[in-house]
Amino acid sequence: MYRYDDFDRALINERVGQFRDQVARYLAGYLSEEEFAPLRLQNGLYRQRHAYMLRVAIPYGTLSARQLAGLATIAERYDRGYGHFTTRQNVQFNWLELERVPDLLADLAALDMHAIQTSGNCIRNITCDAYAGVAADEYRDPRPLAELLRQWSTLHPEFAFLPRKFKLALSGAAADRAALQFHDLAVRIVAGADGEPRYAVSVGGGQGRTPVIAEPLHPGLELEQLLPYLEAILRVYNLHGRRDNKYKARIKILVQALGLEAFRAEVEREFAATPRDRFALVGAELERIAAAFALPPAVFHASANTGDVGIQIADDAAHRRWLRRNVLRHRLDTHAIVVVTLKQPGAAPGDASADDMRLLADLVGRYSAGELRVTHTQNVVLPHVRRCDLAALWQALVARGLARANLDCASDVVACPGLDYCNLANARSIPLARRLAARFDDEREAGDIGPLAIRISGCVNACAHHHAANIGILGVEKGGREYYQLTLGGAAGDDAAIGERLGRAVEAETALEAIDELVAHYRRERRRGEHFLDTVRRLGVDAFREACRALDR
Amino acid sequence: MPLIVEGRLGADSWRRLVDWPDAVEDLGHVIVPATALPAAMATTAWPRPLGVALETPPLVDGLLDWLPRLGLVEVGFADVGDGRGFSVGHALRCAGFAGELRARGPLMPDQAQQLVGCGFDSVDLPVGEGSRAAAWARAWRAFPQRYQFAPGSARLHSILAARHGAARAASD
């Protein structure tokens, strides 16, 4: 993992000092409300329904056990003893007092963490394939590039007041697990004809009220070209993106308005005008960073000491379900990737108590070389588990109620905080997510249904990425009451698709009935080996629409 | 009105013209609106560098060709959230502009780091904003070390250059 050096540390500490000064000036009346708002947002601080909320970056989703334990302490010291993992590899604390936020940031800085640019109209926290560095299908670990781009984008003077937010995602694997095509900008590391890495860039994807799938902008840049090219894209967006209507201010609208070819021509023009000498050190810097992302020595050390794959409780059906569902192939045969879904019955998706965080930190220290990941589906990954430790790890998770075998199943619901917390929401997300988790609580049934992505956003901002869900749920408000609009057929990966609307918006109860009917129709109609999405695609959304009577009543 | 130069309240040695006069006499250092720039540039007898005020970005056509004859470019910022001017300033520095780069508009002290990072030297603020001069002075000096390279600015140190410069020096 990357560790801060003195330069990183000095910059983060100076940022904490700057924010402390900004809070003091705001409280003393030297900064107006209008001025303070963008400043606090650039540091991840929102004013929510009940209190201030701080969004902390987990750059490219990688955390150490020490950092997770530190987050547990922060949750207890400043919040009500829990944190909420989001769909963009961030963690949010919901119950903060403004006066104490600078101290919280200082505590974060001591963990090599920050909240810089987790909100505001700037380049946001950069997300990555959660299995980066360990996935069996990976060409290059994208995290060294992600760290390079984290530094490049941190306090970038030119791009702090963009027309709107700007989200970047990276992957270096064959399969897209980072929802690349739903990002403002995505970079995929691919092999060039000469075997050297190239950087394929796509642009203009996004969700919100106008969901768009990204368009390919460049098939393969060389490393030396990448940063000036990204700056050219950002410059074109900064100069020409709309600023008169915040709903039309994202780069996707600019790309659509200009057309891809004209947009590309603008970028090429800026790219040609950008002096390259400023980027001469990028190669050396990427090499320096990459050294920190080699597999931890503890992994090799451990694998050298084990020849056995000894599962002591192989006859336990629940354990076998968990092995099948939540344990994935590691690039080393001796190891496995373990996913802990933060979707236990009764919990809000993505919520973790301080005790859960501490337990996970302890398990990560013991079983995963001290490293974990958070995913954009609000789950936690132990990336380096020895296969011979799987049984012991499972037992420890069972004891804590964290061993649900439901990865990517109907009960692995993604949800935003919704009206329970958020100022923008039209409807609550969490109660509906809880009811879905309860409805599909039976692991055998959920296993039979198979992969089924259900996502609930409390408003059109689409924080839960409902457009990209197999079954999407959007909260809307009609006459002061909460309603839910269903969509069908969305997908986030290489087969990215935007879900189509199903009927009118309905109350929660009816939405649940409709989902039951959709699932029942799939189970009736599916062919052998077909997942939910496959059947929807084969039969078409209309066939499911007809099968869904609840929405007509 | 209040002018912050290099982080401090300063006097303005430039005068603002609303148009380019027909009968040209030496008026000292003057800033002309972008619309008057072609006429001003056509006055080849003009004895000193000119200043130009860009109301709103993006750049005026032909401006880059005139840069060698300009002593000051003023970039307008419509409001606190409108960051187009940062890209304009950055582009001018990348194009080799070496004169005074001035921002004009309702900016706040906390945007000094963006101004400095994009190569600006001064800010022309709305009336009354001089009361925050101390905050401007502090903010102008903030973040002397950054990850990015600043075009046309020797004030800022790039962390990348420091990291790799130190490594190179050690290996020599």
Side-chain angles (χ1 to χ4, degrees), chain A residues 5-8 10-11 14-15 17-19 21-22 25 30-32 34-39 42 120-122 148-163 227 231 234-241 243 246 270 273-275 277-285 287-288, chain B residues 56-59 64 77-91 93-96 106-120 131-132 134-135 138-139 142-153 156-168:
Chain A
D5 68 2
D6 290 343
F7 293 109
D8 299 311
L11 189 117
E14 188 172 0
R15 181 72 179 101
Q18 184 192 41
F19 192 70
D21 175 63
Q22 287 168 344
R25 282 188 293 136
Y30 294 121
L31 276 175
S32 69
E34 188 203 1
E35 290 175 321
F36 184 57
L39 298 177
Q42 283 172 7
N121 296 335
C122 48
L148 182 82
L149 295 181
R150 182 192 72 81
Q151 296 186 18
W152 160 78
S153 61
T154 295
L155 307 187
H156 197 300
E158 196 183 338
F159 307 126
F161 295 90
L162 296 169
L227 262 63
E231 289 206 351
L234 266 302
R235 191 163 304 125
V236 169
Y237 172 51
N238 194 33
L239 287 171
H240 303 290
R243 290 174 186 268
K246 76 176 207 170
E270 283 297 336
T274 306
D277 51 343
R278 294 189 290 127
F279 303 98
L281 290 168
V282 164
E285 179 63 4
E287 243 173 73
R288 181 190 76 89
Chain B
T56 46
L59 287 178
L64 295 185
F77 285 76
D79 59 63
V80 151
D82 185 348
R84 287 178 296 173
F86 298 118
S87 277
V88 172
H90 184 279
R93 289 302 190 205
C94 284
L107 296 169
M108 57 180 153
D110 305 79
Q111 291 173 305
Q113 55 172 310
Q114 282 84 27
L115 290 172
V116 174
C118 292
F120 284 88
S131 60
R132 294 200 288 191
R138 258 200 327 277
F143 298 99
Q145 291 206 310
R146 308 175 184 209
Y147 292 117
Q148 302 82 17
F149 291 83
S153 169
L156 302 177
H157 301 286
S158 153
I159 289 173
L160 257 64
R163 261 180 194 148
H164 294 275
R168 261 203 305 279

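So you know, we letter chains A, B, ... as the sequences are listed, proteins then strands, and number each from 1. Everything numeric here is computed off the predicted structure, so don't read it as measured data. Worth knowing before you read on, the calculation uses all heavy atoms, side chains too, and leaves out hydrogens, waters and symmetry mates.
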Notebook entry, point to check: Which atoms of A/Leu155 come close to chain B, meaning under 4.5 Å heavy atom to heavy atom: side chain ones, backbone ones, both, or neither?
Noted result: both
Item checked: CD1-CD distance between B/Ile159 and A/Gln151, expressed to the nearest 0.5 angstrom -> 7.5 Å
Note to self: Counting only non-hydrogen atoms closer than 4.5 Å, does B/Ala139 touch chain A with its backbone (N, CA, C, O), its side chain (CB onward), both, or neither?
What the structure shows: neither
Item checked: Under 4.5 Å from a heavy atom of chain B, the part of A/Ser153 involved -> backbone
Next item on the list: Nearest 0.5 Å please: distance from the CG atom of A/Asp8 over to the CD atom of B/Gln145.
Entry: 11.0 Å
Check: Using non-hydrogen atoms only, which part of A/Arg243 is less than 4.5 Å away from chain B: side chain, backbone, both, or neither?
Finding: side chain
Next item on the list: Assess whether atom CG of A/Asp6 is packed by more than 12 heavy atoms of other residues, nucleotides or ligands within 6.0 Å.
Entry: no
Checklist line | Nearest heavy atoms of A/Phe161 and B/Val80, plus distance in Å | finding: CD2-O, 3.6 Å
Margin query: I'd like to verify something: which residue of A/Ala284, A/Gly17, A/Ala160 has the highest number of heavy-atom pairs under 4.5 Å with chain B?
Written below: A/Ala284
Notebook entry, point to check: Side chain, backbone, both or neither: which part of A/Gln18 has a non-hydrogen atom closer than 4.5 Å to chain B?
Noted result: side chain
Check: About how many Å separate CG of B/Leu160 and CG of A/Leu281, when rounded to the nearest 0.5 Å?
Finding: 5.5 Å
Note to self: So which atom in A/Pro275 and which in B/Cys94 form the shortest heavy-atom distance, rounded to 0.1 Å?
What the structure shows: CD-SG, 3.6 Å
Note to self: Working to the nearest 0.5 angstrom, can you tell me the gap between B/Met108 CE and A/Gln22 CD?
What the structure shows: 8.0 Å
Check: CZ/A/Arg15 to CD/B/Gln113 distance, rounded to the nearest 0.5 angstrom?
Finding: 6.5 Å
Next item on the list: Kindly say whether B/Phe143 contributes a backbone atom to a donor-acceptor pair with the side chain of A/Glu14 at under 3.5 angstrom?
Entry: yes
Item checked: Nearest heavy atoms of A/Asn238 and B/Arg84, plus distance in Å -> O-CG, 3.2 Å
Check: Atom CD of A/Glu158 and atom CD of B/Gln148: how far apart are they, to the nearest 0.5 Å?
Finding: 10.0 Å
Item checked: Closest non-hydrogen atom pair between B/Arg163 and A/Asp5, with its separation -> NE-OD2, 2.7 Å
Check: Looking at B/Ser87 and A/Phe159, what are the two nearest heavy atoms and their distance?
Finding: OG-CE2, 4.1 Å
Checklist line | Under 3.5 Å donor-acceptor, B/Arg132 side chain and A/Tyr30 backbone | finding: yes
